[in-house]
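Reminder, nothing fancy here: chain letters follow the sequence lines and each chain counts from 1. For clarity, every value in this text was computed on a predicted model and none was experimentally measured.
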2 protein chains.
Amino acid sequence: MTESILPTLLTPRELRAWRGMLRVHQTLVRALDAELEREHGLSLTSYEVLLFLGDSEGGRLRMHDLATQVLLSRSGLTRLADRLERDRLIERQACDSDARGSFAVITGEGRGKLAAARATHLDGVRRHFLSHLSRQEQDMLGDTWERILPGSAQSS
Amino acid sequence: MTESILPTLLTPRELRAWRGMLRVHQTLVRALDAELEREHGLSLTSYEVLLFLGDSEGGRLRMHDLATQVLLSRSGLTRLADRLERDRLIERQACDSDARGSFAVITGEGRGKLAAARATHLDGVRRHFLSHLSRQEQDMLGDTWERILPGSAQSS
DNA sequence: CTCGACTTATTGTACGCGCAACGACCGGCG
DNA sequence: CGCCGGTCGTTGCGCGTACAATAAGTCGAG
């Protein structure tokens with residue numbers, strides 16, 4: 001009676017590819033976040049905000065665009081920006097071409113923090129991730145990501 | 001004066017491999033979570049709890065072990081288990097060999113939910129992820145994950 | 001047998017995030 | 001010009017999670 005639809009499961013090969021990514025991602029993100037927090041009192045998302053701002057021309061970005069790039073909801077970014085502003089790592093700036101909008105601008109202090117944190121972060125990415133990959137594998141991974149989600153290449 | 005240490009940045013190839021994973025992971029997890037939530041009112045973490053329980057012998061697991069497998073803190077799992085128990089998808093069971101411990105046990109209703117959700121979830125994983133990968137690539141990915149984080153292969 | 005260091009699960013608390021709603025503002029069309 | 005659908009950033013609210021502290025229990029050394 002209750003013989004429900006049994007979905008055909010994944011093959012071991014598929015499982016390895018899929019769950020491996022989940023594990024690796026979660027583990028690495030946790031580790032990188034912890035390192036950043038410990039050495040610079042910065043969360044990974046805060047770091048990414050500074051990163052994108054620092055690499056933008058003028059060191060500023062519209063809130064909406066910034067939210068998109070760091071994969072945060074607009075409300076989430078509003079709150080995060082509040083904290084970063086409180087810590088004087090960014091400032092807000094009105095947008096004169098559109099009175100609704102505002103820019104987030106990285107401060108000098110923010111740039112200093114970014115440079116320091118970047119060293120830690122990049123070191124972590126290399127230790128935990130890149131060091132295990134040959135150049136060919138890196139290329140292949142990049143191709144794979146691009147195929148799965150077109151436009152997955154971006155700034156540092 | 002303020003000539004700080006400029007960390008040497010990542011190469012484009014490294015960037016593609018690294019940030020690609022971040023984007024793909026976040027996007028896919030969001031999508032899968034939304035599908036599960038919409039079609040079965042189940043979060044991805046809840047699903048994973050049911051999954052691991054359903055695939056364990058006796059349909060039960062110690063809270064501590066379960067927390068480890070779903071990558072949740074023990075307190076996080078306690079709360080999640082509360083919710084799942086409220087929805088009658090799992091039950092708690094005392095452990096007679098160790099009076100401190102308790103088991104989480106999947107219920108019949110939980111198994112039904114799992115079977116249904118599993119169809120949705122596996123379909124999603126195939127559509128969003130596996131369909132873009134050849135068998136060779138799946139193998140290569142699996143190898144890569146295993147090298148980065150030994151022991152990244154597990155149940156469905 | 002008893003003590004003490006460790007483990008297990010739970011609880012208090014705080015935080016980060018998303019969703020929905022809001023006010024302010026934009027731009028195009030009648 | 002005036003309106004109206006859409007957008008931008010912010011806010012109220014609720015949820016899910018981690019960290020620290022706690023109570024109960026385990027196990028081995030003396």
The correct set of residues in residues 25-39 of chain B placing a heavy atom under 4.0 Å from DNA chain C is B/R30
Pairs under 3.5 angstrom only: tabulate donor-acceptor contacts from the side chains of residues 59-66 of chain B to other protein residues two or more places apart or in another chain.
unit_1	atom_1	unit_2	atom_2	d
B/R60	NH1	B/Q93	OE1	2.6

Quick one: name the residues clustered hydrophobically with B/V105, using the 4.5 Å side-chain heavy-atom rule over I, L, V, M, F, W, Y, and just say none if it's on its own.
B/F103
Please list, by residue number, the residues of residues 73-84 of chain B whose heavy atoms come closer than 4.0 Å to an atom of DNA chain D; answer none if no residue qualifies.
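When residues 73-84 of chain B is checked for heavy atoms under 4.0 Å from DNA chain D, the hits, listed by number, are B/S73, B/S75, B/R79, B/R83.
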Provide the closest heavy-atom pair for A/L89 versus A/L42 in the form atom of the first, atom of the second, distance.
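Looking at all heavy atoms of both residues, the shortest contact is CD1-CD1, 4.0 Å.
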Check the surroundings of atom CZ in A/R88: do more than 12 heavy atoms from other residues, nucleotides or ligands lie under 6.0 Å from it?
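Check fails, neighbour count at 12 or below.
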For A/R147, does the CZ atom have more than 12 heavy-atom neighbours from other residues, nucleotides or ligands under 6.0 Å away?
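Yes - once you tally the heavy atoms of other residues, nucleotides and ligands closer than 6.0 Å, there are more than 12.
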Bounds of contact between DNA chain D and chain B, in 5' to 3' order, using a heavy-atom cut-off under 4.0 Å
D/dG16 to D/dT26
Give a yes or no on whether A/L44 and A/M21 share a hydrophobic cluster (residues Ile, Leu, Val, Met, Phe, Trp, Tyr; joining criterion: side-chain heavy atoms under 4.5 Å apart).
yes
Given side-chain contact (heavy atoms from CB on, under 4.5 Å), test A/H132 with B/T144 step by step and report yes or no.
CA-CA 8 Å; A/H132 303 278; B/T144 304; over 6 Å; no
Tell me every residue that passes ring-ring contact (aromatic ring centres under 6.0 Å, His included) with B/H25, counting only those two or more places apart in sequence or in another chain.
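B/H25: ring-ring contact (aromatic ring centres under 6.0 Å, His included) contacts with A/H25.
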Interatomic spacing from CG in B/L72 to CD in A/Q26 - rounded to 0.5 Å:
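Here the rounded value is 8.5 Å.
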Check nucleotides 22-28 of chain C against the protein and report each pair of N or O atoms closer than 3.5 Å, with its distance, or say if there are none.
unit_1	atom_1	unit_2	atom_2	d
C/dC26	OP1	A/A99	N	3.2

Starting from the 5' end of DNA chain D, give me the residue, B/L72 or A/H64, whose nearest nucleotide shows up first.
A/H64
Need one value for B/T45: base, sugar-phosphate or nothing, where a base atom within 4.0 Å counts as base even if backbone is also close, heavy atoms only.
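Sugar-phosphate contact only.
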How far does the helix from C/dC1-D/dG30 to C/dG30-D/dC1 bend, going by the axes of its first and last five pairs, to the nearest 10°?
0°
Suppose we screen for side-chain hydrogen bond (donor to acceptor under 3.5 Å, both in side chains). Which residues come up paired with B/D87, at least two apart in sequence or across chains?
none
Dump the intermediate steps for side-chain contact (heavy atoms from CB on, under 4.5 Å) on B/L141 and B/F129, then the final yes or no.
CA-CA 12 Å; B/L141 267 183; B/F129 186 71; 4.1 Å; yes
Pairs where residues 71-100 of chain B contributes a residue and the test ring-ring contact (aromatic ring centres under 6.0 Å, His included) is met, not counting sequence neighbours:
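Listed once each, the pairs would be none.
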Could you pull out all residues at least two apart from A/T11 that satisfy side-chain contact (heavy atoms from CB on, under 4.5 Å)?
A/R13, A/E14
What is the distance, to the nearest angstrom, from the CE atom on B/M63 to the C1' atom on C/dT10?
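After rounding, the gap between these two atoms is 9 Å.
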Please determine whether a side-chain nitrogen of the Lys or Arg among B/R16 and A/D143 lies less than 4.0 Å from a carboxylate oxygen of the Asp or Glu.
yes
Write out all pairs satisfying side-chain hydrogen bond (donor to acceptor under 3.5 Å, both in side chains) with one or both partners inside residues 99-110 of chain B, taking only residues at least two apart or from two chains.
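Pairs touching residues 99-110 of chain B that pass the test: B/D98-B/R100.
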